[in-house]
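Worth knowing before you read on, the calculation uses all heavy atoms, side chains too, and leaves out hydrogens, waters and symmetry mates. Starting from 1, each residue takes its place in the sequence as its number.
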Amino acid sequence: MHPAPAPPAALTVPANNMVNPESKVNEAHRRKRLHLARLEADVAYFQARLEMIGQPESANQLAQCKVFLLLHEAANAEVIAAEQAVSELYSRV
């Protein structure tokens with residue numbers, strides 16, 4: 001049986017068990033940017049669904065339009081909040 005390969009140096013904890021505070025900041029930035037990207041993808045999805053439906057021709061399509069419009073507005077509001085959070089993170093650096 002072969003020994004397990006060592007983890008990459010970037011994933012190891014320093015010998016003194018101290019975590020670099022800068023890496024915590026970078027991780028927070030990365031998480032905020034990923035969250036923002038996911039929200040922007042959600043907004044694009046809801047926009048596309050609304051465009052695909054176009055002018056509703058049935059009660060089902062009308063209901064879908066209402067739901068997608070509400071979800072689009074909610075996701076868009078979250079995008080705005082996430083953008084502000086990201087810009088605040090960068091203004092502190």
Side-chain angles (χ1 to χ4, degrees):
M1 192 159 195
H2 298 289
L11 299 178
T12 59
V13 177
N16 60 5
N17 292 328
M18 299 288 291
V19 176
N20 183 354
E22 187 175 309
S23 68
K24 286 185 178 182
V25 170
N26 289 338
E27 181 65 19
H29 285 215
R30 188 183 72 78
R31 286 184 186 165
K32 293 283 185 186
R33 288 191 314 268
L34 282 174
H35 181 67
L36 178 58
R38 288 182 183 131
L39 289 171
E40 288 172 339
D42 289 344
V43 168
Y45 171 78
F46 295 129
Q47 284 175 334
R49 288 299 302 253
L50 286 166
E51 288 178 19
M52 285 177 56
I53 294 170
Q55 188 65 27
E57 297 176 2
S58 68
N60 185 31
Q61 286 181 337
L62 181 60
Q64 286 180 9
C65 281
K66 287 180 180 181
V67 169
F68 288 131
L69 187 59
L70 288 172
L71 291 170
H72 177 266
E73 291 171 357
N76 203 32
E78 283 193 55
V79 165
I80 292 168
E83 285 174 340
Q84 290 173 346
V86 168
S87 67
E88 287 175 9
L89 275 176
Y90 284 112
S91 66
R92 289 187 218 156
V93 175

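Linking ILVMFWY side-chain heavy atoms closer than 4.5 Å, directly or via other members, places Val67 and Phe46 in a single hydrophobic cluster. The cluster map of Ile, Leu, Val, Met, Phe, Trp and Tyr, joined by side-chain heavy atoms under 4.5 Å apart, puts Phe68 and Leu70 in different clusters. Leu39 is connected to Val43 through a chain of hydrophobic side-chain contacts under 4.5 Å among Ile, Leu, Val, Met, Phe, Trp and Tyr, so both are in one cluster.
Between the CD atom of Glu40 and the CG atom of Asn76 there is a distance of 9.5 Å, given to the nearest 0.5 Å. To the nearest 0.5 Å, the span separating SG on Cys65 from CE on Met52 amounts to 11.5 Å. Asn26 CG to Arg30 CZ: the interatomic distance, rounded to the nearest 0.5 Å, is 10.5 Å. Residue Asn60 holds its CG atom at 8.0 Å from CD1 of Ile53, rounded to the nearest 0.5 Å.
Glu83 approaches Leu36 most closely through the heavy-atom pair CG-CD1, 3.6 Å. Minimum interatomic distance between Lys32 and Ala85 (heavy atoms only, all atoms of both residues): NZ-CB, 4.1 Å.
For CZ of Arg31, the number of neighbouring non-hydrogen atoms (other residues, nucleotides, ligands) closer than 6.0 Å is 12 at most.
Arg49 places none of its side-chain heavy atoms less than 4.5 Å from the side chain of His72.
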